[in-house]
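As a basis for the values below, the full set of heavy atoms in this structure was taken, side chains included, without hydrogen atoms, waters or symmetry mates. Quick note on labels: first sequence line is chain A, next is B, and so on, each numbered from 1.
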Amino acid sequence: MKRVFCLLFAILSISVNAKEQAGQIFEQLAPSLYQIKIIELVSGEKATIGSAFQITKGGLIATNYHVVSGYARHPEKYKMEYLDNDGNKGELSLESVDIINDLALVKKLDDEVSQNPIFEISQQAPLKGEELFSLGNPHDLGMIVVPGTYNGLLPDSFTDKIHFTGSINSGMSGGPVVNGDLKVVGINVATSGNSIGFLIPHDKLQALYNEYLVEPPTDITGQIAQQLKAHQAKLIEEVLVSNWLQKPLGKGSIPTIDAPFIRCWGDSNADKESALLLSAVASCSLEDNTYIENNFFTGHLVMEYRYLSAKDISDTKFYHLYNQKILSARAYNKVQKDDVTEFSCQHDIISPENQTMTQKAVFCARAYKDFPELYDVIYLSASVDKNQQALISNFTLSGVKQESAFAFMEKFIEAVAWQ
Amino acid sequence: MAVIVVEQINRGKKLICRDRFESDSVEIGRSYQNDIIIDDPHICPEHLNIQFDGEHWVVHDQDSLNGSFLDESKQNADKHILHSGDIISIGKSQLRIVFPDHPVSATVKFSPFESLIERTRKPVSLVFSLAIFTLMSGYLLYLGKQTEVTFTQVFVPAIGMTLGFSLWPAIISLISHLTKNDARYWSQIGISFLIFNFFWFSDIIEYVLHFNLSSAWPVSWITSLLPITLAFCLFWLNCYIGFHMSGKKRVIISASLCLLIFGGTYLVSLSNKPDFRDRPTYDATIMTPNFLIAPSTPANEFIENAKQVFEKAEKKKDED
């Protein structure tokens with residue numbers, strides 16, 4: 001009984017300590033903490049809110065790209081405002097963005113040199129289990145401090161993200177996460193509920209700031225285009241040098257990519273007695289994607305396979321049903337009319353160099369309107385050389401250059417075969 | 001005794017009935033003593049007569065209530081000296097007077113279609129056409145079903161479809177009948193179903209072309225021309241069987257029907273076109289391997305050709 005009491009006391013005292021620490025942290029740093037509002041010019045009302053923190057005396061403020069994306073994409077439609085802890089308001093200018101890591105730098109237009117302590121970016125990553133404090137303004141309810149723990153980087157994300165155990169809520173996006181020494185170790189970016197939060201590591205912010213010091217970007221859209229291009233090149237290169245494992249799917253052999261950031265799933269209708277076709281599906285996709293603006297995403301990579309086999313039906317009936325399964329290929333990224341063109345397509349009967357499978361292949365591409373040389377592509381192929389079996393292979397890439405699409409397609413076509 | 005022919009015609013100048021008289025006088029009116037009795041309330045019991053004076057036929061209006069008029073000039077027909085082919089309006093009816101020496105048009109030779117039409121309306125070929133049509137629609141229904149189906153599940157709708165399609169020749173026959181033409185229902189059925197069956201055939205050709213040819217070929221032009229041609233033939237033959245009309249008129253009517261149907265569907269598809277399609281539209285027609293005639297393209301050539309897809313996408317970007 002005594003032991004239990006002690007333990008309880010210990011827990012209580014830790015949490016009291018944490019609370020005290022949180023209070024101190026808030027008091028010290030509150031003057032450099034801001035709420036950012038993106039105001040729609042015609043209605044005069046806010047369209048987006050988020051949190052932000054000052055990192056230089058000169059008024060440079062860091063936040064998430066997704067908080068300011070409306071303004072970044074349509075500066076003629078919105079203006080950006082900050083609201084500090086004392087209720088002061090002012091306008092902001094957009095200085096630089098990192099669309100891949102979801103970061104943005106904005107600057108106060110009033111050019112006042114701040115007397116308040118500012119947030120300093122940490123020089124090193126926290127240790128696993130270290131207690132961190134997330135700051136932000138959830139749901140426009142006022143600035144708060146949320147304690148939580150550092151749980152390392154997400155193992156299967158292509159872009160680095162910190163797994164933070166602590167409840168981050170919407171509106172806290174762009175707020176800083178500090179360690180016990182009040183140094184910024186991460187930036188709030190997303191949550192998947194139940195105290196699972198995601199942070200952008202501090203080094204991404206440091207890199208963006210360093211780049212900004214060397215040469216501030218002149219055109220944000222151009223900067224985004226450059227970042228998207230560099231990112232897709234890196235992604236496709238990494239995918240192509242990864243180990244492509246051949247896996248059986250029915251009587252077919254399909255490639256999967258042995259990389260932590262690509263996950264595969266599968267299913268079949270083997271339990272359905274009444275089905276006329278045996279159908280087995282496998283799909284592999286990239287875990288994360290890139291947000292450009294509301295309803296415009298990119299950076300997807302999806303590979304899907306379907307093996308079909310006839311059960312007591314004629315070849316003609318089999319092909320008739322099979323044909324229906326290949327009519328609805330699509331890209332997986334959300335887009336709007338203003339973002340991309342409609343798809344252009346080509347089709348042909350092809351066979352890869354190894355001659356193992358004759359197939360009907362379809363290739364479609366659409367161009368990004370604001371980002372030159374970037375496309376969404378879809379490739380779909382359906383085997384047409386076996387009377388009672390079929391293999392459908394399909395991939396879609398979003399936001400890639402022509403060379404990347406071709407390199408991927410070449411490797412993909414060669415890797416799909418009969419066993 | 002002079003000989004004269006009096007034709008009752010409708011407003012479309014179509015013949016209703018024709019009488020030939022060997023007499024010097026013809027009485028026309030509503031009462032039963034007349035030579036020509038016309039049941040038209042606007043005509044007087046003794047409306048008019050035409051008399052031969054030894055040299056000419058002359059119209060005499062019997063002081064009728066509504067008068068008698070010449071068709072072309074609208075002038076009073078009383079005391080008019082008749083010429084062969086003159087049309088007289090009395091009440092709401094029309095009469096055409098023709099002399100025995102009135103010229104007739106040249107004899108029309110039986111066209112080769114006549115024997116085709118005769119052949120299709122024979123019971124054996126009728127049953128054959130209808131059976132092929134029903135079997136094909138049943139088979140296609142069966143092919144499209146995702147689950148196992150029974151015979152009745154397929155053939156009841158197939159027979160329904162056949163009945164539905166036989167409405168078309170029925171409507172044409174009805175129109176011919178109403179316009180005082182020969183209905184010729186079985187000929188219409190025979191010809192219509194012959195061509196409906198050709199449509200299945202054209203579908204198969206269409207599929208084979210779409211399956212084998214790459215997107216570099218303008219297949220959709222060929223494949224949309226085929227059904228339009230067939231539809232034109234159908235309408236042309238329907239008109240040929242059902243109505244007496246000049247060849248030119250037949251072509252115009254058939255072409256207009258084609259334009260109405262295909263142009264209409266095209267316009268509807270245009271109006272249904274969404275503002276922006278985020279899904280691709282592509283041709284992924286596949287058939288069983290025995291329909292594969294075309295040689296396959298090496299994969300690297302396909303990738304090389306894909307450059308054009310990117311060019312097209314760029315062009316769309318410039319257009320927007």
Side-chain angles (χ1 to χ4, degrees), chain A residues 274-277 314-324 326-331 334-338 340-353 358-369 375 377-380 382 384-387 390 402 405-406 409-410 413-414, chain B residues 139-149 204 207 210-217 219 273-320:
Chain A
S274 64
L276 300 175
L277 299 177
S314 70
D315 301 350
T316 312
K317 170 125 191 177
F318 174 66
Y319 265 79
H320 204 85
L321 296 178
Y322 168 28
N323 205 164
Q324 293 169 7
I326 58 168
L327 300 178
S328 51
R330 64 187 179 100
K334 241 190 210 176
V335 292
Q336 302 283 303
K337 187 181 187 252
D338 297 336
V340 293
T341 63
E342 288 194 353
F343 276 107
S344 302
C345 297
Q346 72 164 11
H347 64 261
D348 204 349
I349 302 281
I350 69 162
S351 66
E353 226 143 86
T358 311
Q359 50 204 314
K360 175 112 186 188
V362 176
F363 177 78
C364 304
R366 67 182 175 200
Y368 284 39
K369 288 181 178 170
Y375 305 88
V377 301
I378 296 176
Y379 169 82
L380 171 94
V384 289
D385 51 1
K386 290 208 191 294
N387 285 324
Q402 188 175 321
F406 284 171
M409 178 152 66
E410 205 176 333
I413 295 176
E414 287 300 324
Chain B
Y139 186 58
L140 280 180
L141 274 171
Y142 157 76
L143 286 183
K145 294 268 184 196
Q146 300 276 0
T147 48
E148 273 185 62
V149 281
I204 294 172
Y207 272 112
H210 278 289
F211 175 45
N212 279 287
L213 296 177
S214 81
S215 43
W217 293 76
V219 189
K273 193 177 170 242
D275 186 35
F276 172 68
R277 269 188 299 232
D278 79 331
R279 284 178 180 241
T281 40
Y282 55 89
D283 181 358
T285 311
I286 48 171
M287 296 176 91
T288 50
N290 46 345
F291 283 99
L292 183 61
I293 313 156
S296 47
T297 310
N300 48 16
E301 206 171 296
F302 181 76
I303 297 174
E304 188 62 32
N305 293 340
K307 281 185 182 154
Q308 288 166 19
V309 178
F310 286 96
E311 279 162 25
K312 270 194 252 169
E314 280 301 320
K315 212 178 268 174
K316 277 190 190 168
K317 188 162 118 182
D318 297 339
E319 280 165 18
D320 285 339

- Message: Please evaluate residues B:F276 and A:D338 with respect to the criterion side chain to side chain contact (heavy atoms under 4.5 Å, CB included), reporting the C-alpha separation (whole Å), side-chain torsions for both, the decisive distance (0.1 Å), and the verdict.
- Response: CA-CA 9 Å; B:F276 172 68; A:D338 297 336; over 6 Å; no
- Evaluate the criterion side chain to side chain contact (heavy atoms under 4.5 Å, CB included) for residue pair B:K316 and A:F343; output intermediate values, then yes/no. CA-CA 9 Å; B:K316 277 190 190 168; A:F343 276 107; 5.6 Å; no
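A:D385 places no side-chain N or O within donor-acceptor distance of the main-chain N or O of B:P289, the cut-off being under 3.5 Å. Panel note: side chain B:S215, backbone A:H347; a donor-acceptor pair is recorded below 3.5 Å.
Comparing B:Q146, B:K315, B:E148, B:K312 by heavy-atom pairs within less than 4.5 Å of chain A, the highest count is held by B:Q146. Interface summary for chain B: among A:A382, A:A361, A:A390, the most heavy-atom pairs under 4.5 angstrom belong to A:A361. With respect to chain A, the highest number of heavy-atom pairs below 4.5 Å among B:N300, B:T288, B:N290 belongs to B:T288. Between chain B and the residues A:Q346, A:H320, A:R366, the most heavy-atom pairs under 4.5 angstrom are made by A:Q346. Most heavy-atom pairs under 4.5 Å with chain B, from the set A:V335, A:L277, A:N387: that is A:N387.
The distance from atom CD1 of A:I413 to atom CD1 of B:I303, rounded to the nearest 0.5 Å, is 4.5 Å. If you take CD on B:E314 and CD on A:Q402, they are separated by 9.0 Å, rounding to the nearest 0.5 Å. Here the straight-line distance linking atom CG of B:L213 with atom CD1 of A:I349 works out to 9.5 Å at 0.5 Å rounding. With rounding to the nearest 0.5 Å, the separation of CZ in A:R330 from CG in B:D278 is 8.5 Å. Rounded to the nearest 0.5 Å, atoms OH (A:Y368) and NZ (B:K317) are 11.5 Å apart. The line from NE2 of B:H210 to NZ of A:K360 is 8.5 Å long, rounded to the nearest 0.5 Å.
Checked against the 6.0 Å centroid criterion, the rings of B:F211 and A:Y319 do not qualify as a close aromatic pair.
Nearest approach of B:S296 to A:T358, heavy atoms of both residues: CB-CG2, 4.1 Å. Across all non-hydrogen atoms, the minimal contact from B:D283 to A:V362 is O-CG2, 4.0 Å. Nearest heavy-atom pair across A:K317 and B:T147 is NZ-O, 4.3 Å. Across B:A299 and A:P352, no two heavy atoms sit closer than the pair CB-CA, 3.8 Å. Listed here is the closest heavy atom pair of B:Y282 and A:A329: OH-N, 2.9 Å. Taking every heavy atom of both residues into account, B:P280 and A:I378 meet most closely at CG-CD1, 3.6 Å.
Residue pairs satisfying the salt bridge (Lys or Arg N to Asp or Glu O under 4.0 Å) criterion with at least one member in residues 343-353 of chain A, sequence neighbours excluded, are absent.
The side-chain heavy atoms of A:V377 and B:F310, taken from C-beta on, include a pair separated by under 4.5 Å. Using a 4.5 Å cut-off on side-chain heavy atoms (C-beta onward), B:T281 and A:C345 make no contact.
Enclosure of atom CD in A:E414 by more than 12 non-hydrogen atoms of other residues, nucleotides or ligands within 6.0 angstrom is indicated. Within a 6.0 Å radius of OH in B:Y207, other residues, nucleotides and ligands contribute 12 heavy atoms or fewer.
Neither the backbone nor the side chain of A:A275 comes within less than 4.5 Å of any heavy atom in chain B. Within the 4.5 angstrom heavy-atom criterion, no atom of A:Q359 approaches chain B. Of the atoms belonging to A:L380, it is side-chain heavy atoms, and not backbone ones, that fall under 4.5 Å from chain B. Within the 4.5 angstrom heavy-atom criterion, no atom of A:K334 approaches chain B. For a residue to count as touching a neighbouring chain, one of its non-hydrogen atoms must lie under 4.5 Å from one of that chain's; by this rule B:K145 touches chain A with backbone and side chain alike. Interface remark: A:Y379 contributes side-chain atoms only to the contact with chain B (heavy atom separation under 4.5 Å). Contacts between A:D315 and chain B at a heavy-atom distance below 4.5 Å involve backbone atoms as well as side-chain atoms. Looking at B:L292, the atoms closer than 4.5 Å to chain A (heavy atoms on both sides) all sit in the side chain, from C-beta outward. With a 4.5 angstrom heavy-atom cutoff, B:N305 touches chain A via backbone and side-chain atoms both. With a 4.5 angstrom heavy-atom cutoff, A:A405 touches chain B only via side-chain atoms.
Aromatic ring orientation, A:F363 versus B:F302: perpendicular (interplanar angle above 60°, classes split at 30° and 60°).
Partners of B:E301 by salt bridge (Lys or Arg N to Asp or Glu O under 4.0 Å), not counting sequence neighbours: none found.
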